Amino acid sequence: MRFPAKSKLSGGRFSTSFLFPGKAQSFRLCCIAQSIDASTLAELVSKQHWSEVKRRLRNPALALPQMLDSGVDPGLLLRYFVWSRKELGLSHSLDLTFRVLHSLICSKMYPKVRSFLDQFVKDDTPHSVSSVFHAISTCSDSICNKSIIADMLLLSYTKNMKTRQGLEAFYRAGDYGFNLSILSCNPLLNNLVKERSIDDAERVYRELVRRRFVFNAITFNTVINGLCKAGRLNKASNVAEEMKALGFSPNVITYNSLIDGHCKAGGPGKMYKVDAIVQEMARNGIPLNVVTYNTMIHGYCKDENLQAALKLFDEMRKQDMMPNAITYNSLIGGFCSNRELDKALRLRDEMLSLGLSPNIVTYNVLIGGLCKNGMLSEARMMLDDAETEGLGLSVITFNTLIDAYSKSGRMEEALSLHQLMHDKGVVPNVSTYNCLIGGFCREGKMASVWELLREMKEKGLNADVISYNTVIDSLCNHGMSRRGMILLDDMLNNSVNPTHITYNTLMEGYCKEGNLRAALKVRELMEKRGRRANTVTYNVLIKGFCKQSKMEDANRLLNEMLEKGLLLNKATFEIIKEEMVEKGFVPDIDGHLYNA
DNA sequence: ATAGGGTTAG
């Protein structure tokens with residue numbers, strides 16, 4: 001018996017499970033047999049006689065399992081799979097899909113599987129990772145082949161920036177006992193680090209250690225670099241030690257990451273730690289390279305220790321190591337923050353004489369330096385210079401200038417730059433808007449602020465925590481803390497995480513309005529949401545109480561912050577001096593702290 | 001497949 005094959009609907013799919021539930025499969029197999037056998041079908045597919053295939057197929061849904069069972073060439077299987085999906089609108093189950101992929105793996109047709117999976121993860125209606133792994137687990141008996149598929153899938157997720165799915169795939173692979181390779185795990189770690197999900201990167205690394213994974217140096221370096229970027233220097237050094245224990249020698253990249261971490265960590269004596277690392281490199285016979293020097297030079301420049309930076313610069317030259325544009329950009333930035341613009345400009349000329357081309361970053365540094373030294377028109381001219389040089393202006397070029405104009409209250413010029421960047425095809429980002437919003441906030445022109453926020457939304461740019469903090473600060477400074485609180489709710493609705501700054505700003509606003517109760521409520525809220533009061537929180541509250549001459553309360557808060565081990569900062573001591581001692585109240589705190 | 005430079009909030 002045969003169903004008429006007039007339409008897709010009548011082709012067998014219609015029917016059986018509802019006539020004979022539970023017997024659907026066998027009923028189909030014996031009664032709605034294909035009018036065409038698997039090998040003939042394969043033959044037609046190989047010749048790409050698609051209209052013939054279409055005409056002779058009685059039950060398209062059955063063709064694929066039939067071909068799989070008859071051991072048809074995997075290449076033809078795939079070809080039929082893709083064709084039937086596109087031309088017949090069939091959506092094959094995950095199980096069948098992965099059985100096809102498995103047959104390709106068995107024939108070592110790896111590139112085909114790779115490109116298939118690449119497409120597969122780009123799918124608009126993605127399958128859940130768990131259902132995909134279930135399909136992988138049943139597509140074969142060979143754990144080795146299943147591992148290969150899982151590994152390729154993970155790489156596809158990662159390459160397509162589906163890091164969350166990649167992460168889940170990593171753990172599922174572990175649950176099923178599949179073995180992954182550094183080819184997919186290193187890029188996963190790299191993505192996690194780039195997305196600042198350092199906790200996840202660390203967990204993946206720990207899991208790899210637990211699974212006795214076959215590492216290479218890159219695995220360790222990626223994790224160490226991520227930890228350094230997150231400022232977790234102790235953990236980074238621990239991983240470097242583990243690396244040694246597992247038989248790998250840290251290389252120049254490992255050390256450069258650690259050096260950069262220490263340079264950026266700040267704190268007193270950080271450069272001694274850097275020095276210790278350099279000495280360890282020397283002991284291990286690892287020469288410093290240009291990145292090492294650049295990192296250290298940049299560290300000193302940020303400290304405004306130009307002397308030390310120039311000493312290293314000199315050392316480089318003595319070793320015949322050629323500085324590059326990055327070296328110069330750091331030094332130029334250093335001179336700019338030292339208000340030595342003449343020297344900064346001279347370095348740009350030196351670059352040219354060495355055959356190094358100043359790039360857009362060089363110009364951005366110089367423009368920023370000119371702006372910070374109040375030379376806005378010179379900075380504006382330098383933007384034109386950069387363009388004349390044929391350098392592509394970056395969004396940062398514009399942001400730097402827009403911010404400078406905004407900070408000088410020259411909003412018309414700021415807006416005209418905003419227009420100019422649009423004309424030049426440079427796309428504004430959240431920072432661009434934040435600079436403009438900051439400018440209007442400082443002028444109290446809230447109507448323009450709302451207008452900018454609306455414009456952002458229109459462009460699909462989401463306000464970030466800086467946008468919110470800026471606006472909240474302005475509202476608080478204009479006696480509208482209550483409206484600031486409404487924005488706090490708005491942040492949460494838009495899944496923007498408030499920071500200490502957000503809460504502290506609101507508290508300060510309420511304190512200025514004399515509403516201490518509301519300020520304390522904000523602190524409660526902040527702690528309820530897992531943010532502990534910090535030094536600034538206490539400074540704000542102590543000052544608020546002092547202003548209302550509630551000295552005992554202020555004193556109690558001061559003691560509370562000491563009990564919590566919070567460090568008093570410059571602002572704290574100023575408050576103590578100006579709001580307490582000068583007004584005749586001597587706080588009862590430890591003498592040594594008071595003397596500090 | 002891993003390292004270095006430029007912009008925004010208290």
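These numbers come from a predicted model, not from an experiment. Order of the sequence lines fixes the chain letters, A, B, ..., with proteins taken first and strands second; residue numbering starts at 1 for each chain.
We find that A/Glu242 and A/Arg206 are joined by a salt bridge, their nearest charged nitrogen and carboxylate oxygen being less than 4.0 Å apart. Salt bridge present: A/Glu280 and A/Lys244 bring a charged side-chain N and a carboxylate O closer than 4.0 Å. A salt bridge links A/Lys264 with A/Asp260; the closest basic N to acidic carboxylate O contact falls under 4.0 Å.
Applying the side-chain hydrogen bond (donor to acceptor under 3.5 Å, both in side chains) rule to A/Asp473 yields the partners A/Asn477; only residues at least two apart in sequence or on another chain are considered. Not counting sequence neighbours, A/Glu527 has no partner by the salt bridge (charged side-chain N to carboxylate O under 4.0 Å, His left out) test.
Proximity of residues 432-445 of chain A to DNA chain B (heavy atom under 4.0 angstrom from any strand atom) is restricted to A/Asn434, A/Cys435. Near DNA chain B, defined here as any heavy-atom distance below 4.0 Å, the residues from residues 250-260 of chain A are A/Ile253, A/Asn256, A/Ser257, A/Asp260, listed numerically.
Backbone-only contact: A/Lys302 has heavy atoms under 4.0 Å from sugar-phosphate atoms and none from a base.
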Take A/Tyr157 and A/Phe170, measure what ring pair (Phe, Tyr, Trp, His ring centres under 6.0 Å) needs, and give me the verdict at the end. CA-CA 10 Å; A/Tyr157 280 134; A/Phe170 173 82; over 10 Å; no
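The interatomic distance linking A/Ile297 (CD1) with B/dG6 (P) rounds to 14 Å, in whole Å.
For residues 411-432 of chain A, every residue pair satisfying the ring-ring contact (aromatic ring centres under 6.0 Å, His included) rule, not counting sequence neighbours, is listed here: A/His418-A/Tyr433.
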Identify all side-chain donor-acceptor contacts of residues 214-228 of chain A below 3.5 Å with residues at least two apart in sequence or on another chain.
from: A/Asn216; atom 1: OD1; to: A/Asn186; atom 2: ND2; distance (Å): 3.1
from: A/Asn216; atom 1: OD1; to: A/Ile218; atom 2: N; distance (Å): 3.1
from: A/Asn216; atom 1: OD1; to: A/Thr219; atom 2: N; distance (Å): 3.1
from: A/Asn216; atom 1: OD1; to: A/Thr219; atom 2: OG1; distance (Å): 3.0
from: A/Thr219; atom 1: OG1; to: A/Asn186; atom 2: OD1; distance (Å): 2.9
from: A/Thr219; atom 1: OG1; to: A/Asn216; atom 2: N; distance (Å): 3.2
from: A/Thr219; atom 1: OG1; to: A/Asn216; atom 2: O; distance (Å): 3.1
from: A/Asn221; atom 1: OD1; to: A/Thr254; atom 2: OG1; distance (Å): 2.6
from: A/Asn221; atom 1: ND2; to: A/Asn251; atom 2: OD1; distance (Å): 3.2
from: A/Thr222; atom 1: OG1; to: A/Ile218; atom 2: O; distance (Å): 2.7
from: A/Asn225; atom 1: OD1; to: A/Lys229; atom 2: NZ; distance (Å): 2.8
from: A/Asn225; atom 1: ND2; to: A/Ser257; atom 2: OG; distance (Å): 3.2

